[in-house]
Amino acid sequence: MAFILRPLVTEKMTNITDKRPNRYGFIVSPEANKLQIKEEVESLYNVTVVDVNTLRYAGKRSQRYTKAGLIKGQKAAFKKAIVTLKEGETIDFYSNI
């Protein structure tokens, strides 16, 4: 089962990677645990994972006023994993583009 949904490439995550070059972020399945995330990153990218930190984000309600009236919705909930690799190893997200 694929637990990693996509790599997290944002400005905030890029700043973390610049400060600590062996940390990378991923959006993962909410059911995934740290051991499953570690195994999948190691198998996909052929690296050694030292540590996995996870964060859960709740879906936020949002609304806006438009010409058609009030539009209500909800942003999706997700789980984020910050993976620390062994010193000297890197992941290149842009190699297959």
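Note that the CD1 atom of I71 and the CZ atom of R64 stand 4.5 Å from one another [nearest 0.5 Å]. In this structure, the separation between NZ on K38 and CG on D51 is 9.0 Å, given to the nearest 0.5 Å.
Distance alone, capped at 3.5 Å, is enough to place a donor-acceptor pair between the N22 side chain and the L85 backbone. A donor-acceptor pair is defined here as one N or O able to donate and one able to accept, closer than 3.5 Å; no such pair exists between the side chain of Q63 and the backbone of G73. Between the side chain of Y24 and the main chain of I91, a donor-acceptor pair closer than 3.5 Å is present. Remark: side-chain polar atoms of E42 are paired, donor with acceptor, to backbone N or O of V49 under 3.5 angstrom.
Under the 4.5 Å side-chain heavy-atom criterion for grouping Ile, Leu, Val, Met, Phe, Trp and Tyr, M13 is not connected to V41 through any hydrophobic cluster. Taken together through direct or relayed side-chain contacts under 4.5 Å among Ile, Leu, Val, Met, Phe, Trp and Tyr, F26 and L55 form parts of separate hydrophobic clusters. Hydrophobic cluster membership is shared by V47 and V83, with clusters built from Ile, Leu, Val, Met, Phe, Trp and Tyr side chains linked at under 4.5 angstrom. In the hydrophobic clustering of ILVMFWY residues, with side-chain heavy atoms under 4.5 Å counting as a link, I82 and F3 come out apart. L8 and Y45 fall into different hydrophobic clusters, where Ile, Leu, Val, Met, Phe, Trp and Tyr are joined by side-chain heavy atoms under 4.5 Å apart, directly or via other members.
Within the structure, the side-chain hydrogen bond (donor to acceptor under 3.5 Å, both in side chains) test picks out the following pairs touching residues 69-80 (sequence neighbours left out): Y57-K80. For residues 7-18, there are no side-chain hydrogen bond (donor to acceptor under 3.5 Å, both in side chains) pairs, not counting sequence neighbours.
Nearest heavy-atom pair across S29 and L5 is N-CG, 4.0 Å. Considering every non-hydrogen atom in both A77 and G59, the closest pair reads CB-N, 3.5 Å. When all heavy atoms of I37 and A32 are compared, the pair lying nearest together is CG1-CB, 4.0 Å.
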* Tell me, with the steps shown, if K19 and I16 meet side-chain contact (heavy atoms from CB on, under 4.5 Å). => CA-CA 5 Å; K19 289 180 186 176; I16 291 172; 5.9 Å; no
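The hydrophobic cluster containing L70 also includes Y65, under a criterion of side-chain heavy atoms closer than 4.5 Å among ILVMFWY residues, counted directly or through chains of members.
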